[in-house]
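If you read the sequence from its start, that first residue is 1, and numbering goes on from there.
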Amino acid sequence: MNSYLNFEQGEISIYLAGNALTNLQLSLGQAEAIRRDKRHGAVLYINTSFTTRRFLSAWREHISSTEGIYSLDCPLGELLGEFDEIMKMVEKHNIRQIIINNWEYGFKDSRRKEQAIFGLQEFLNKGVSVLVYAQSNPEKTFAGKIMHGGLGKLSGLSISINDLTKRQKTEEKQDAIISEDVNLVANEINDLDTLQPHIWLEDIKEPIGSVFSVTESGIISQKMVSKHLPMSNKNRKLLAEYEKLHGKSVLPGESYRQMFDRVVGIMIAEEELVEA
């Protein structure tokens with residue numbers, strides 16, 4: 001999702017994703033994107049709603065390294081009581097972003113929630129961004145305006161409210177279009193195999209390298225090659241991993257096949273860089 005890194009530093013940003021499980025998945029995806037970007041500084045991820053076992057399972061699925069990211073497994077309803085510990089972690093690890101995965105489950109009552117809302121100001125004054133995932137009607141929730149219900153005064157202090165449910169519907173439509181493109185490419189390959197078997201076999205015999213390479217200085221550069229990367233299960237998985245972190249990747253005027261070669265090429269080059 002391209003909006004993962006679009007937030008204002010040192011402010012409160014709210015993300016509405018529809019339900020607790022989606023909040024967990026998308027907030028972890030954002031944490032990983034920020035961790036990888038590195039320009040935004042260290043991340044503190046706070047789990048407020050899921051059991052430790054379930055949280056760690058999701059963490060392993062989305063977070064590829066512990067470099068630049070820390071977690072706090074908060075007991076259900078006790079987020080306010082963890083503020084002192086959070087501040088210690090902010091100062092010790094130079095945390096620049098705090099992500100809270102399910103705001104509603106952080107408090108046992110409205111009094112504690114209101115205290116926590118005003119307590120967030122201490123983190124903002126240190127230039128720390130607070131990225132909050134919550135459940136609320138996006139059509140009736142506005143940044144800078146106090147709302148009734150779960151968000152209350154938090155929305156009044158926020159700089160932006162992001163409707164992720166609308167984006168999910170858009171991405172589902174894009175997935176359907178991409179799926180059609182994949183089937184079309186597969187059919188074209190099958191037709192080529194049937195009509196020109198001798199040419200196709202020659203192509204298979206030749207090694208197909210990455211469309212990207214890694215220089216000695218660690219810079220990823222594009223190779224000028226004419227062959228496409230194979231649409232294998234491994235390469236499709238690399239594309240899925242990339243889009244989980246960064247959103248859909250087709251550039252204006254770019255075909256699905258061109259996007260596949262470009263994105264998978266980058267992922268392969270990054271793997272080679274890590275292994276080196």
Heavy-atom side-chain contact between Thr48 and Ile46 under 4.5 Å: yes
Donor-acceptor pair between Glu32 and Ser64 side chains, under 3.5 angstrom: yes
Verdict with reasoning, Met259 to Glu243, per side chain to side chain contact (heavy atoms under 4.5 Å, CB included): CA-CA 11 Å; Met259 179 277 293; Glu243 294 191 334; 4.1 Å; yes
Donor + acceptor pair across side chains of Ser27, Asn101 (<3.5 Å): no
Ser255 backbone acceptor or donor facing Gln258 side chain under 3.5 Å: yes
Side-chain heavy atoms of Tyr133 within contact of Ile100, under 4.5 Å: no
Set of salt bridge (Lys or Arg N to Asp or Glu O under 4.0 Å) partners for Arg112, sequence neighbours left out: Asp109
Heavy-atom side-chain contact between Tyr45 and Leu72 under 4.5 Å: no
Within 6.0 Å of CD in Glu85, more than 12 heavy atoms from elsewhere: yes
Residue pairs, two or more places apart or on separate chains, that pass ring-ring contact (aromatic ring centres under 6.0 Å, His included) and touch residues 61-82: Tyr70-His93
Side chain to side chain contact (heavy atoms under 4.5 Å, CB included) against Leu76, all qualifying residues, sequence neighbours excluded: Tyr105
Test of ring centre spacing under 6.0 Å for His40 and Phe7: yes
